[in-house]
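First the structure, in the form of structure tokens, and then the observations on it.
For ligands, and for the atoms within them, numbers begin at 1 and follow the listed sequence. Just so it is clear, the values below take in all heavy atoms, side chains as well, and ignore hydrogens, waters and symmetry mates. What you see is a predicted model, and the numbers here were worked out from it, not measured in a lab.
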Amino acid sequence: MIGVFDSGIGGLTVVKEITKQLPGMPVLYLGDTARTPYGNKSAQTIQQYALQDAQFLIAQGATVLVIACNTASATAYQFLKSKISIPMFDVIIPAARKAATLTKKKRVGVIGTRATIASGAYTAELHNIDPAITVEGQECSMFVPLIEEGWAKKGETTRIVKLSLQGLKTKNIDTLILGCTHYPIIRNIIQVKIGKRVKLVDPAEEVVKELAQYLKAHLDLAQSLRSTVDHRFMVTDVTEHFQAIAQSWLKRSVKLERVSL
Ligand code: DGL
């Protein structure tokens, strides 16, 4: 199965994308809801957690891994690559590639959690592709709790988005990476506040495109992934609130299974 992990339920935006781009492909999802958020933790702790998440999914039968979490991708992908031997996809590389092709002015903005921005992973990847690109990072730590509290449509959220993006608006960017699992949910508000002309990149969309391409080139693996029946949603802590968010984001009935890592 395709193993997808995240610090919590945010990674369901990647599952949604898998359902769209790879219909009928079952997912083994792990959300570390007991230890969420990762975005305000140290790189060392995030690496430890991410390794446990990945090893758990492999033990459950995952044969390919997607790190849905931007924070874990930014701080732990290289570390995990040295420990894990199955194919693994992070969200940073595909999103950076897309942004590099979209930017005309070679000025790209990145928003994400504190840990993602502090890691400099998006900047490093964009410079890897094209050293002439200027990257402007902005942490937007307030967005995750607002979205998880169901405040996405409230005026307060719109005001906080405006305030958080004020600095970036003066940087003359033409492309903005939504570097956190939750941000696609308030994509429209971000678009309005950063300006209509700025192109938005959704890492969830890009990583699944990359996975789909890989599976096209590895048909045996693709075939074996299809052999199981349905998605499984595992979390390290279950609450009614997580359950309700999962169902409303995926627009289907979801049974969260509690697991211990
Ligand atoms: N899933 C995280 C990310 O994409 C956001 C939530 C957290 O901080 O754990 O960065």
May I ask you to decide if V27's main-chain N or O and H231's side chain share a donor-acceptor pair within less than 3.5 Å?
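Looks like yes, one N/O pair under 3.5 Å.
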Under 4.0 Å, heavy-atom basis, I'd like to know which part of [X] is in contact with ligand 1: side chain, backbone, both or neither.
| X | result |
| --- | --- |
| D6 | side chain |
| S7 | side chain |
| T71 | both |

With under 30° as parallel and over 60° as perpendicular, where do the rings of F233 and Y29 fit, or are they tilted in between?
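Judged by the thresholds at 30° and 60°, the geometry between F233 and Y29 is tilted.
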Parallel, tilted or perpendicular: ring planes of Y49 versus Y38, cut at 30 and 60 degrees
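Answer is tilted, since the angle falls between 30° and 60°.
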Has C180 got any heavy atom lying under 4.0 angstrom from an atom of ligand 1?
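Per 4.0 Å heavy-atom rule, C180 contacts ligand 1.
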So, 4.0 Å and heavy atoms of G112: is ligand 1 close enough to count as a contact?
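Not so, G112 does not reach ligand 1.
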Could you tell me whether H182 and ligand 1 have an N or O pair separated by under 3.5 Å?
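Looking only at distances, the answer is no, because the N/O contact criterion of under 3.5 Å is not met.
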D237 versus R258: any side-chain heavy-atom pair under 4.5 Å?
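The answer is yes, as the side chains (C-beta and beyond) meet within the 4.5 Å cut-off.
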Is there a side-chain contact between V201 and L102 in this structure, where contact means two heavy atoms from C-beta onward sitting under 4.5 Å apart?
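Side-chain contact under 4.5 Å: yes.
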Which atoms of ligand 1 sit under 4.0 Å from any heavy atom of G39?
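Those qualifying, in numeric order: 7 (C), 8 (O), 9 (O).
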T181 neighbourhood, listing ligand 1 atoms whose heavy-atom distance to it stays under 4.0 Å:
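Heavy-atom distances to T181 below 4.0 Å select 1 (N), 2 (C), 3 (C), 4 (O), 5 (C).
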